[in-house]
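We're numbering straight along the sequence, starting at 1. Predicted, not measured: the structure shown is a model, and the values here were computed from it.
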Amino acid sequence: MMLETDGWSEVRLADARCFEMASEATGETYRVLVRIPSEPPPPGGYPALWMLDGDASFPLCLPQAIQPASGREDPGVIVAVGFPGGASFDVDARARNYTPEPDGDTGDLHSPAFGGAAGFLRFLTEELRPAIAARLPLDEKRQTLFGFSYGGLFTVFAALGDHGRFQRYWAASPSLWFSGGLLLRRMRAAAPVVAGERLVLTVGRDEQYPARDPGEERRRHLDRRAMVDGVTEAAVLITAANPDLRTELIVAADHDHFDMLMHGARRARRLAFCRP
């Protein structure tokens with residue numbers, strides 16, 4: 001049966017804009033989705049929530065964001081960065097942009113190129129942020145970064161090395177298994193200093209310890225990735241090295257890997273826009 005769509009119109013998201021931007025830092029072009037508050041900015045400018053995998057994360061966060069700010073939240077800007085074409089997940093592009101330079105086997109069986117995290121961080125903070133700030137007043141002291149999976153890996157990478165260009169971080173199911181646990185090995189070797197106020201690390205318990213038997217092949221995969229153990233260790237190491245940083249570890253029962261995208265996107269706005 002064919003569904004007749006004559007006369008249907010394109011769906012548009014309220015208070016949302018979209019544009020593409022080429023980066024000198026990476027040599028790539030990005031699709032940027034922006035939620036513009038209808039309320040005037042706070043005295044210091046709008047706080048901003050920067051979301052990776054923008055075409056997947058932006059629609060999950062937007063329905064909350066278009067509601068009037070609560071008494072404890074300020075109106076804020078959401079900037080979600082994706083890739084041309086509008087796919088929810090561009091597998092190869094996110095592998096190129098969100099991963100640090102590997103020092104061995106990546107453990108990724110799908111993508112051909114990795115290691116662009118440093119350049120992508122420069123794009124976010126030195127190219128895209130000034131472009132947004134030229135149009136919307138931003139509070140440079142209230143910048144939050146959200147990423148999931150490889151995006152969560154990038155969020156941890158940024159937290160360990162961006163020198164305060166973000167103040168709050170939400171790393172949802174970060175792929176800390178990448179390149180033989182590269183970031184975990186770095187954290188074990190030297191105190192992982194984070195120049196920020198808050199860091200939230202999340203993982204679904206079913207990502208390593210599923211409530212139901214996943215089968216032998218899936219079990220071996222979960223054991224290799226060791227998501228719960230890796231994220232928990234990262235939280236312990238970061239907490240010990242940063243007594244003034246508010247670090248939170250969430251191990252969500254009955255949640256698998258992709259569940260953590262919605263889990264985080266639904267909560268990241270509060271992290272970004274709640275008043276200090």
Side-chain angles (χ1 to χ4, degrees), residues 18-33 50-58 79-128 145-162 169 171-187 203-204 207-208 214-215 217-227 229-231 234 256-261 264-265:
C18 178
F19 64 93
E20 291 193 353
M21 182 174 181
S23 168
E24 292 185 5
T26 67
E28 298 199 34
T29 297
Y30 302 94
R31 171 175 153 89
V32 183
L33 302 98
W50 302 82
M51 307 188 80
L52 307 186
D53 290 313
D55 286 280
S57 60
F58 190 68
V79 184
V81 183
F83 302 99
S88 296
F89 295 98
D90 187 321
V91 174
D92 290 342
R94 64 201 306 271
R96 288 194 309 272
N97 285 271
Y98 297 166
T99 60
E101 187 69 38
D103 63 359
D105 180 22
T106 64
D108 185 315
L109 302 178
H110 303 288
S111 298
F114 308 89
F120 184 69
L121 181 58
R122 291 196 301 273
F123 165 69
L124 284 183
T125 59
E126 299 174 15
E127 297 178 340
L128 180 57
L145 179 62
F146 170 86
F148 159 73
S149 193
Y150 266 166
L153 177 72
F154 175 86
T155 301
V156 175
F157 171 84
L160 298 176
D162 80 344
Y169 306 86
S173 288
S175 300
L176 295 175
W177 52 263
F178 176 77
S179 190
L182 173 62
L183 292 190
L184 278 173
R185 287 188 280 115
R186 290 180 181 175
M187 285 188 264
V203 65
E207 296 188 64
Q208 187 175 352
E217 183 177 354
R218 179 65 177 168
R219 162 55 60 196
R220 288 197 298 268
H221 173 78
L222 297 180
D223 288 345
R224 285 194 301 270
R225 296 286 169 91
M227 289 289 292
D229 292 355
V231 174
D256 205 336
H257 187 60
F258 279 97
D259 294 335
M260 301 310 294
L261 172 61

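Proximity of D162 to T125: side-chain heavy atoms (C-beta onward) are nowhere separated by under 4.5 Å. A heavy-atom distance below 4.5 Å is found between the side chains of F148 and F89. In this structure, the side chains of F123 and N97 stay at 4.5 Å or more apart for every pair of heavy atoms. Taking the side chain as every heavy atom from C-beta outward, T106 and F178 approach each other to under 4.5 Å. Looking at heavy atoms from C-beta onward, R94 lies in side-chain contact with S149 at the 4.5 angstrom threshold. When side chains are defined from C-beta on, M187 counts as touching L160, because their heavy atoms get closer than 4.5 Å.
No donor-acceptor pair closer than 3.5 Å links the side chain of D223 to the backbone N or O of R220. Counting only distance, with no hydrogens or angles, the side chain of R219 and the backbone of Q208 share a donor-acceptor pair below 3.5 Å. Side chain of T99 to main chain of F114: no donor-acceptor pair is present (N/O by atom type, distance under 3.5 Å, no hydrogens or angles). Looking at T26, its side chain never comes within 3.5 Å of a backbone N or O of F120 through a donor-acceptor pair. Within the 3.5 Å criterion, the main-chain N or O of V203 finds no donor-acceptor partner in the side chain of S173. Within the 3.5 Å criterion, the main-chain N or O of G180 finds a donor-acceptor partner in the side chain of R185. Without hydrogens or angle criteria, D256 side chain to F258 main chain gives no donor-acceptor distance under 3.5 Å. Remark: side-chain polar atoms of Y98 are paired, donor with acceptor, to backbone N or O of D53 under 3.5 angstrom.
Shown here for F146 and A172, the closest heavy-atom pair between the two residues is CE1-CB, 4.2 Å. Nearest heavy-atom pair across P102 and G115 is CD-CA, 4.1 Å. Nearest heavy-atom pair, A117 versus P100, reported as atom, atom and distance to 0.1 Å: CB-N, 3.8 Å. Across all their heavy atoms, L145 and A158 have their closest contact at CD2-CB, 3.7 Å. Looking at every heavy atom in both residues, A234 comes nearest to L176 through CB-CD1, 3.7 Å. Minimum heavy-atom separation, V156 to P174: CG2-CB, 4.1 Å.
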Problem - Stepwise side chain to side chain contact (heavy atoms under 4.5 Å, CB included) check, L124 with V81 - result: CA-CA 9 Å; L124 284 183; V81 183; 3.9 Å; yes
Practice task
Begin with the C-alpha distance, continue with both residues' side-chain angles, and end with the deciding distance and a verdict on side chain to side chain contact (heavy atoms under 4.5 Å, CB included) for W177 and L153.
Solution key: CA-CA 9 Å; W177 52 263; L153 177 72; over 6 Å; no
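In this structure, L128 CG and W50 CH2 are separated by 4.5 Å, a value rounded to the nearest 0.5 Å. Here CG of D90 is found 10.0 Å from CG of D55. Values are rounded to the nearest 0.5 Å. In this structure, F154 CZ and Y169 OH are separated by 10.0 Å, a value rounded to the nearest 0.5 Å. Summarising the geometry, atom CG belonging to D259 is positioned 8.5 Å from atom CD belonging to E207; distances are rounded to the nearest 0.5 Å.
Between the side chains of D92 and S111, at least one donor-acceptor pair of N or O atoms lies under 3.5 Å. Side-chain atoms of S23 and E127 include a donor-acceptor pair closer than 3.5 Å.
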